[in-house]
Amino acid sequence: MMLKPLVTALGLLSAAQAIDPFTWNNSTFLLHGKPYQIIGGQMDPQRIPHELWSDRLSKARSMGLNTIFSYVYWDQLVPKPGEWHTDGNNDIARYFKTAQEAGLNIVLRSGPYICGEHEWGGFPAWLSTIPGMVVRTNNTEFLSAAKFYIDHLGEELKDLMVTNGGPILMAQIENEYGSYGNNHDYIATLRDMMREAYGIPLYTNDGGTQTDLDGGQIAGALAETDGTPQSGFAARDKYVTDPSSLGPLLDGEYYITWLDQWASNNTFETDEGDESAISTATSDLAWILNHNASFSIYMFHGGTNWGFQNGADWGDALEPITTSYDYGAPLDESGRTNDIYHAVRETIGAHIGMDNIPDLVAEKPLIEISPITLKPSVNMFDALPDPIHKTIPVNMELVGQSYGFILYRHVTADATSGTLKTGDAPRDRVLVYVNGKRVGVIDNSYEVPNTVDLTLKKGDVLDLLIENMGRVNFGSEIIDQRKGIVGNVTVSETVLLDWELYTLPLVSPPTASSSTGVTKDPSVESSPIFYTGTFDVDEVGDTFLELPGWTKGVVWVNGVNLGRYWTVGPQQTLYLPGVYLRESGNSITVLALEPNGSEGSVQGIKTRNWGNNPDPDMSS
Ligand SMILES: *[C@@H]1O[C@H](CO)[C@@H](O)[C@H](O)[C@H]1NC(C)=O
Ligand SMILES: *[C@@H]1O[C@H](CO)[C@@H](O)[C@H](O)[C@H]1NC(C)=O
Ligand SMILES: *[C@@H]1O[C@H](CO)[C@@H](O)[C@H](O)[C@H]1NC(C)=O
Ligand SMILES: *[C@@H]1O[C@H](CO)[C@@H](O)[C@H](O)[C@H]1NC(C)=O
Ligand SMILES: *[C@@H]1O[C@H](CO)[C@@H](O)[C@H](O)[C@H]1NC(C)=O
Ligand SMILES: *[C@@H]1O[C@H](CO)[C@@H](O)[C@H](O)[C@H]1NC(C)=O
Ligand SMILES: *[C@@H]1O[C@H](CO)[C@@H](O)[C@H](O)[C@H]1NC(C)=O
């Protein structure tokens, strides 16, 4: 680093300059001409409070990692067309500088499609308002939107590229594209776009099968696999024949455990305490290391889907990802090490020498917060924004909204009765109210959602409060991820026309002063209520918020949206990092979407709870 400017100043063409700073031959990566085995792990800056980046990165180093793999979320950086936001957790350049200071190199995974169980796989919601847009194809509209993002990111990270003396070694094109399609023009276009914007070596990462590799591989980019290393490497050796895609083997995502989805019957994915699962993982990692190959553990540290950033998978129905993205990772959601961390550290140490791994980083104790009494403060329906009138309801993206909730209100013109249909599908969870009383819940995360039968009299007010539970991040459903209502709302055969739309992105909760009414006592039929309270702590520290008796909703502490809670589980507590607390005068707001009179307090505990409860809306 010190030598380079000196040499340039002297105008000499040294041997060091003639060597590509990062390249490879067929058996190894070469960093500044020396063999470099990537001992990597995945950790995404936008899922971690920026105040904690340095802590998490130094813990990656102390597990023995030399490289961090990071996805970048396009939707957070470009929340509106033409805007570019790099504040707070979106300051990707600062995160990478922090990684460099911690002694880590970087592999950039900037998509534009990233999957990652993130909202719409990283796509900004506004893409679906652009006529002619088809995501993940060689489509002019898509490529032009992607280019804005890639070019801006390239500019932002310019000084950090390995070609300019920085720690970013290479960048991934798209993400497991071969499991989705095989349009090589599209991947080639992205390759050229990234080559121009980043100027560093590129690679593709696909599943370890012939179809995946055939679909994803592109000339001039190293082809790599993820998943089971033994079969993935064998597939790469067998099916990739283009010499310009050959090079050392990298398992771009070695899964120790798996992601979590909300559902009464989904249990928390973890290997903790499971000796045999941990030994399978460490023997796979040792096998990779002994074959002079490279890996990235997915996830090294998962973090949290703050606010409404979670994505969803699609099985037979929507499978929304939990707020916690703990992933059973070696470094847990709260940045604490577990059995897996120590086992992996030993494995890496056995290969590179324990002396080459920095000492463990000390961990601060967690804190408890005694029960905080919360009082009903604002009824959501008394604190609505100005409505937007539409004869036929439109989806939330068309009224400029990306995340959160949207309310559709209709005043019955002619009496009607029958089964309610909210457009082409529930997108995603529809709370149905007549004259302010909840009469049903239609939820697209069930293969067969509940049906709601209505009898509407002239003048009855029908409210449909619709929650975007996370856009699908994987599979063919990714094409259409509009939320709210698409199509007509009907009761029996009657089309209901004339709607007031109220956007409720809930970036911050409404305050009592924005409310027009006095909050009534909650009952099982109540419309959503924001509860508020204040609390002090003896000492600031990390904690897990437990919400006994609360069904479903969202929590804010000191204005930070900690994410969704849902009694169904498996997540039963929300991570509250100490960096969001102060010693006195902390404020908390909890949205109870389905208040039933049982809620009243929230407490902070030191050990997370995982578990399940039946969905009260499906048991009837
Ligand atoms: C890898 O081997 C192939 C086949 O022998 C050769 O064509 C290619 O140039 C080699 N790649 C590198 C990066 O050395
Ligand atoms: C790759 O480079 C390393 C380090 O220079 C060398 O030991 C190895 O033989 C090379 N492998 C191939 C296939 O060229
Ligand atoms: C793919 O898109 C690029 C950029 O718009 C364009 O130059 C190229 O012609 C397209 N290829 C095909 C086969 O449509
Ligand atoms: C949970 O229940 C749903 C619906 O019955 C079923 O489709 C799914 O496979 C179950 N999941 C697990 C993990 O058992
Ligand atoms: C890995 O590299 C070492 C040192 O270059 C060499 O002795 C060994 O044979 C290689 N192992 C494999 C499986 O290629
Ligand atoms: C919605 O209803 C209106 C009025 O009946 C009709 O003109 C329109 O075609 C319907 N739209 C759809 C998608 O069915
Ligand atoms: C309210 O909901 C919670 C969570 O689902 C449940 O534990 C509690 O029993 C319910 N209370 C009433 C009065 O229905």
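- Looking only at distances, no side-chain donor or acceptor of Gln572 sits under 3.5 Å from a matching main-chain atom of Trp610.
- Using a 4.0 Å cut-off between charged nitrogen and carboxylate oxygen, Arg336 and Asp542 count as a salt-bridge pair.
- A salt bridge links Glu253 with Arg109: the closest approach of a Lys/Arg side-chain nitrogen to an acidic carboxylate oxygen falls below 4.0 angstrom.
- Remark: of the listed residues Gln76, Arg471, Gln309, Arg471 is the sole one forming a side chain to side chain donor-acceptor pair (under 3.5 Å) with Glu119.
- Within the 4.5 Å cutoff, no side-chain heavy atoms of Asn356 are placed close to those of Met354.
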Evaluate side-chain hydrogen bond (donor to acceptor under 3.5 Å, both in side chains) for Thr257 paired with Asp271, printing each intermediate quantity in order.
-> CA-CA 7 Å; Thr257 46; Asp271 285 352; 5.5 Å; no
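- Within 6.0 Å of CG on Asn290 lie more than 12 heavy atoms contributed by other residues, nucleotides or ligands.
- Within 6.0 Å of the CD atom in Glu583, the count of heavy atoms belonging to other residues, nucleotides or ligands exceeds 12.
- Atom CG of Asn468 is separated from atom OH of Tyr403 by 9.0 Å, given to the nearest 0.5 angstrom.
- Side-chain atoms of Glu176 and Asn205 form no donor-acceptor pair, as typed in the model, at a separation below 3.5 Å.
- In this structure a side-chain-to-backbone donor-acceptor pair under 3.5 Å is present from Ser70 to Met43.
- Taking the centre of each ring, Phe22 and Phe29 come in below the 6.0 Å mark.
- Nearest heavy atoms, Leu153 versus Ser110: CD2-CB, 3.6 Å.
- Side-chain contact annotation: Asn90 with Gln46, donor-acceptor N/O pair under 3.5 Å present.
- One N or O on the side chain of Trp306 and one on the backbone of Arg47 form a donor-acceptor pair closer than 3.5 Å.
- Of all the heavy atoms in Ile348 and Ile39, the pair that sits closest is CD1-CG2, 3.7 Å.
- Across Asn609 and Thr573, no two heavy atoms sit closer than the pair N-OG1, 3.3 Å.
- Here His291 pairs with Trp287 under the ring-ring contact (aromatic ring centres under 6.0 Å, His included) rule; sequence neighbours left out.
- Taking the six-membered ring for Trp, Tyr113 and Trp74 have ring centres at least 6.0 Å apart.
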Evaluation steps, side chain to side chain contact (heavy atoms under 4.5 Å, CB included), between Leu52 and Val579 | CA-CA 8 Å; Leu52 297 170; Val579 293; 3.9 Å; yes
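- In this structure, Val557 and Phe535 have side chains that are in contact, with non-hydrogen atoms separated by less than 4.5 Å.
- In this structure, the side chains of Gln603 and Ile605 come closer than 4.5 Å at one or more pairs of heavy atoms.
- Remark: the backbone N or O of Ala60 is not paired with any side-chain donor or acceptor of Arg56 at under 3.5 angstrom.
- At a cut-off of 3.5 Å, with distance as the only test, a side-chain donor of Tyr73 or Asp44 sits close to an acceptor on the other residue.
- Considering every non-hydrogen atom in both Tyr341 and Ser62, the closest pair reads OH-C, 3.3 Å.
- Closest approach of Tyr580 to Val560, counting heavy atoms only: CE1-CG1, 3.6 Å.
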Quick one: do Asp75 and His118 satisfy side-chain hydrogen bond (donor to acceptor under 3.5 Å, both in side chains)? Show the steps, please.
-> CA-CA 10 Å; Asp75 64 320; His118 180 80; 2.8 Å; yes
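- For Gln37 against Ala293, the heavy-atom pair with the smallest separation is NE2-O, 2.8 Å.
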Quick one: do Trp84 and Glu156 satisfy side-chain hydrogen bond (donor to acceptor under 3.5 Å, both in side chains)? Show the steps, please.
-> CA-CA 10 Å; Trp84 181 249; Glu156 191 84 28; 2.9 Å; yes
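- Side-chain atoms of Leu31 and Val162, non-hydrogen and from C-beta on, do get closer than 4.5 Å to each other.
- Between the side chain of Asn105 and the backbone N or O of Leu169 there is no donor-acceptor pair closer than 3.5 Å.
- Side-chain polar atoms of Arg564 and Asn310 form a donor-acceptor pair below 3.5 angstrom.
- No side-chain donor-acceptor contact under 3.5 Å links Asn164 and Asp159.
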Is there a side chain to side chain contact (heavy atoms under 4.5 Å, CB included) between Leu285 and Phe295 once you walk through the steps?
-> CA-CA 8 Å; Leu285 294 174; Phe295 64 72; 3.8 Å; yes
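- Between the side chains of Glu333 and Ser324, a donor-acceptor pair is found at a separation under 3.5 Å.
- Side-chain contact, Thr337 with Glu363: a donor N or O sits under 3.5 Å from an acceptor N or O.
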Worked verdict on Leu202 versus Met170 for side chain to side chain contact (heavy atoms under 4.5 Å, CB included) | CA-CA 6 Å; Leu202 301 173; Met170 61 174 185; over 6 Å; no
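- Here the side chain of Asn338 pairs a donor or acceptor atom with the backbone of Ala329 at under 3.5 angstrom.
- Within a 6.0 Å sphere centred on CZ of Phe474, heavy atoms belonging to other residues, nucleotides or ligands number 12 at most.
- With contacts defined as side-chain heavy-atom distances shorter than 4.5 Å, the pair Ile321/Leu259 qualifies.
- Between the side chain of Asn612 and the backbone N or O of Val568, at least one donor-acceptor pair lies under 3.5 Å.
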Starting from the C-alpha separation in whole Å, work towards a yes-or-no answer on side chain to side chain contact (heavy atoms under 4.5 Å, CB included) for Leu576 and Phe544.
-> CA-CA 6 Å; Leu576 169 54; Phe544 296 101; over 6 Å; no
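- A donor-acceptor pair is defined here as one N or O able to donate and one able to accept, closer than 3.5 Å; such a pair exists between the side chain of Thr543 and the backbone of Ile367.
- Glu467 places no side-chain N or O within donor-acceptor distance of the main-chain N or O of Met469, the cut-off being under 3.5 Å.
- Annotation: side chain of Thr67 is not in contact with side chain of Ile106 (no heavy-atom distance under 4.5 Å).
- The aromatic ring centroids of Tyr327 and Tyr298 lie less than 6.0 Å from each other.
- At a threshold of 4.5 Å between non-hydrogen side-chain atoms, the residues Pro49 and Pro577 count as touching.
- Not one N or O on the side chain of Ser508 forms a donor-acceptor pair closer than 3.5 Å with the backbone of Gly559.
- The pair Arg608-Asp326 meets the salt-bridge criterion, since a charged nitrogen lies less than 4.0 angstrom from a carboxylate oxygen.
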Could you check Tyr36 against Ser294 for side-chain hydrogen bond (donor to acceptor under 3.5 Å, both in side chains), going step by step and ending with a plain yes or no?
-> CA-CA 9 Å; Tyr36 184 75; Ser294 292; over 6 Å; no
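- Looking at heavy atoms from C-beta onward, Ile588 lies in side-chain contact with Val590 at the 4.5 angstrom threshold.
- If you check the side chains of Thr228 and Tyr254, you find no donor sitting under 3.5 Å from an acceptor.
- The closest side-chain donor-acceptor pair between Tyr325 and Glu117 falls under 3.5 angstrom.
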